[in-house]
Amino acid sequence: MPTTLHVDPKRACAYVRATGRFGDDDYIAAFQAVMNHPARQPEFAEVWDFLGLTRFTFKPEVLDVYRQLLHTYRGQGMLTRGRIAVLTRQQEVRTMTILFDHLSGQYIERELRFFARAEDAEAWLGLHTGSFGALQRETEAVVIPRPVRQPRLPR
């Protein structure tokens, strides 16, 4: 399934939901979609829902790309200053997120926490239980296309 983004100005929240296979290229595409969404404001909370992932891949080289994006979006004043909730049960996702957050901390202060249950994240963000479901029903989904992967050439 595709990665989707919902932005809800009423709840001051951007909600990214990734399911199935997801990799660092997908994260970069989703990050750019969040930063560039016209209704999103830097003070909005962000929710990254990775509970539906079946496979996750990460290459350290993507950190250089992320660092360049952080520099660009900081210059535009668009980096998230609100809280960031990450829904996951996978250690690989936690590790990647910690690396990205460490880089982000060089550009802006923000608060990030991990949750295994949506209800706990909603409470931490000051939202009512069920808000993430309502947000998805009440706002238009932006489908984030999977990046085109370059075929590997034989050596």
Inset, instruction - Report yes or no: do Trp124 and Phe114 belong to one cluster of Ile/Leu/Val/Met/Phe/Trp/Tyr joined by side chain heavy-atom distances under 4.5 Å? - result: no
Inset, instruction - Working to the nearest 0.5 Å, report the span between CZ of Arg137 and CG of Leu135. - result: 9.5 Å
Inset, instruction - Look at Arg81 together with Glu46 and state whether they make a salt bridge at an N to O cut-off of under 4.0 Å. - result: no
Inset, instruction - State plainly whether the residues Asp26 and Arg21 are in salt-bridge range, i.e. N to O under 4.0 Å. - result: no
Inset, instruction - Taking the six-membered ring for Trp and the single ring otherwise, decide whether the centroids of Phe22 and Tyr27 are under 6.0 Å apart. - result: no
Inset, instruction - Examine Tyr73 together with Phe31 and report whether their ring centres are nearer than 6.0 Å. - result: yes
Please check if the side chain of [X] supplies one atom and the backbone of [Y] the other of a donor-acceptor pair under 3.5 Å.
{"X": "Arg67", "Y": "Val62", "result": "no"}
{"X": "Arg83", "Y": "Leu125", "result": "no"}
{"X": "Asn36", "Y": "Gln32", "result": "yes"}
{"X": "Thr139", "Y": "Gln136", "result": "no"}
{"X": "Glu122", "Y": "Leu127", "result": "no"}

Inset, instruction - Could you tell me whether the side chains of Arg94 and Thr88 share a donor-acceptor contact shorter than 3.5 Å? - result: no
Inset, instruction - Check step by step if side-chain hydrogen bond (donor to acceptor under 3.5 Å, both in side chains) holds for Tyr66 and Ser104. - result: CA-CA 9 Å; Tyr66 185 64; Ser104 299; 2.7 Å; yes
Legend entry - Side chain proximity check, Leu103 to Leu99, heavy atoms < 4.5 angstrom: no
Legend entry - Chi angles and distances behind the salt bridge (charged side-chain N to carboxylate O under 4.0 Å, His left out) call for Arg55, Glu92: CA-CA 10 Å; Arg55 183 173 177 215; Glu92 298 87 359; over 6 Å; no
Inset, instruction - Specify the closest pair of heavy atoms between Phe50 and Ala18, including all atoms of both residues, with the distance to one decimal. - result: CD2-CB, 3.9 Å
